[in-house]
Structure formats: structure tokens, C-alpha cells
Amino acid sequence: MGFHQTYTSDSATTFKDRSCEAGKERQTTTLLSRDDVRRAITRIAHEIVERDRDLSALAIVGIRARGDALAARIQAAIRANEGVDVPLGAIDITLYRDDLTRIGYAPIVRESEIPFSVDGRVVVLVDDVLFTGRTIRAAMDALVDYGRPQAIRLAVLVDRGHRELPIRADFVGKNVPTAVGDDVRVHLAEVDGRDEVEVVSKVPA
């Protein structure tokens, strides 16, 4: 599927690159710049507080490996705006995936860190990209092993559509129409050395 104009923002740039396989040209579009990412996180933090004013019952849990970095930034934004340190955790969903048998016999499992009780709390799960919904389903399964939250909400930097499960985000940085074969790449300074979101699409022959 070709490039969609809806991907672009004022700061968006595009370029073409050749893949290792002959005849498979790809086009990369910058969806969110560093400033766009910053603004999206700030807006999400404001929306979380507007939705749940009782910050004493709120907690934020990021899904490894980039959701946890986003969760830490959202926590910092809430602290800056409200003067409150909302409990922060990180969760690994590897062993809860429904495709575990397909990803090899030695999956990489990272440590989950939830240093507080989730019982009775409103827990905001944070991830970088919402796609089929299967990662979020696995994250909810992992989270309820720690207790029984009052509610679970979802915040994502990018919602790219193509859901396979009845899951939607409560807080979204940007909704992006994509083709199933597109690759949405989130780069964060904590992991990749820069803040940027790109969409890599196939170029029609």
C-alpha cells in the first residue's frame, strides 16, 4: 500500500531506502518529531489527571521496553503540573503472550517492577504503539496477577488501528491510519538516543 498524506505533520519528512531484498523499496515518513513527542506526553498527562482527579488512587505502569520510558515521562509531567508523585511501575509481558510458542524456546524475559499494591487503584497502562491489542491483553493478565485494580486505563503514544481484540486506548498521543504491512517505529531517547516516530511503508512498484 502506498504512502498516505495523513501520516504527515508540519514537521514530517520522508525519504526512500532500498531494503536488502531487491525490488522491495520502502518509504520512511517522520510521523512525530522530538517536540511532537514532548507535546503528546504533556497532553496525555493532563488528560489522565482530568479523568481521575483523585491522584492518591492513581498509579502508572509502563509496558517494557518503551512503554516504561513513556510512563516515567508521564509521571514526571504529572509531578511538574500537580506536585504529586504518582506511583510508577514497569511490567514485562513476555510470558503472557499468546504467541509465546512462535517466538522461540528462549524468550528474553525482563524484570517486572511494581513496588506498590495495585488493589483498589486506577492503574494507567502505558505503551508506545497500539496495534492488534494482544500486547495490552497480555499486560492486563500480568497486572491482575499483582492484585485487583479498581480500574485499568490505557495510554499510548500512537494508535495505528487494525485491532484484533476489543481493546481501545483512553489516552492517545496520535491516531495514525496505517496499512497492515506498515512498520511504525518509536524511538525514545532513553532507549534509542533520540525522540522520533516513523512509519515505514512499501512503495508501489
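For the pair Thr28/Val199, no side-chain contact is recorded, criterion being any heavy-atom separation below 4.5 Å from C-beta on. Gln75 is not listed as a side-chain neighbour of Pro87, based on a closest heavy-atom distance of 4.5 Å or more. At least one side-chain heavy atom of Leu32 sits less than 4.5 Å from a side-chain heavy atom of Leu157. Proximity of Leu130 to Val158: side-chain heavy atoms (C-beta onward) are nowhere separated by under 4.5 Å. Side-chain atoms of Phe171 and Val156, non-hydrogen and from C-beta on, never get closer than 4.5 Å to each other. The shortest distance between side-chain heavy atoms of Asp36 and Arg39 falls below 4.5 Å. You'll find the side chain of Glu82 reaches within 4.5 Å of the side chain of Leu55, heavy atoms only. Side-chain contact between Ile78 and Val49 is present, with heavy atoms from C-beta onward closer than 4.5 Å.
Residue pairs meeting the side-chain hydrogen bond (donor to acceptor under 3.5 Å, both in side chains) criterion with at least one partner in residues 183-195, sequence neighbours excluded, are Arg66-Asp192, Arg73-Glu190, Arg73-Asp195, Asp183-Arg185, His187-Arg194, His187-Glu198, Arg194-Glu196. Contacts classified as salt bridge (Lys or Arg N to Asp or Glu O under 4.0 Å) and involving residues 157-167 (residues at least two apart or in different chains) are given here: Arg134-Glu164, Asp159-Arg163.
For Arg153, the side-chain hydrogen bond (donor to acceptor under 3.5 Å, both in side chains) partners two or more places apart in sequence, or in a different chain, are Asp52. In this structure, Gln150 has no side-chain hydrogen bond (donor to acceptor under 3.5 Å, both in side chains) partners at least two apart in sequence or on a different chain. The side-chain hydrogen bond (donor to acceptor under 3.5 Å, both in side chains) test applied to Asp119 returns no partner, not counting sequence neighbours. With sequence neighbours excluded, the residues forming a side-chain hydrogen bond (donor to acceptor under 3.5 Å, both in side chains) with Asp68 are Arg64, listed by chain and number.
Of all heavy-atom pairs between Phe116 and Val61, the closest is CZ-CG2, 4.0 Å. Val86 and Ala59 make their closest contact through CG1-CA, 3.7 Å (heavy atoms, listed as atom of the first residue, atom of the second, distance).
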Item checked: Working for side chain to side chain contact (heavy atoms under 4.5 Å, CB included), residues Ile63 and Val126 -> CA-CA 6 Å; Ile63 301 172; Val126 181; over 6 Å; no
Check: What's the verdict on side chain to side chain donor-acceptor pair (under 3.5 Å) for Asp92 and Thr94, showing C-alpha distance, side-chain angles and the deciding distance?
Finding: CA-CA 6 Å; Asp92 181 81; Thr94 303; 2.9 Å; yes
Next item on the list: Would you please test Leu154 and Val124 for side chain to side chain contact (heavy atoms under 4.5 Å, CB included) and show each step?
Entry: CA-CA 5 Å; Leu154 175 61; Val124 179; over 6 Å; no
Using atom types as modelled, flag every donor-acceptor pair under 3.5 Å from a side chain in residues 139-146 to any protein atom, sequence neighbours excluded.
from: Asp141; atom 1: OD2; to: Arg137; atom 2: NH1; distance (Å): 2.4
from: Asp145; atom 1: OD2; to: Tyr96; atom 2: OH; distance (Å): 2.5

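Listed for the Asp182 side chain is a donor-acceptor partner under 3.5 Å among the backbone atoms of Ala179.
Applying the 6.0 Å contact sphere to CZ of Arg148 captures no more than 12 heavy atoms from other residues, nucleotides or ligands.
Between atom CD1 of residue Ile93 and atom OG1 of residue Thr135 there is a gap of 4.5 Å, rounded to the nearest 0.5 Å.
Ser56 and Asp54 share a donor-acceptor pair across their side chains, judged by distance under 3.5 Å alone.
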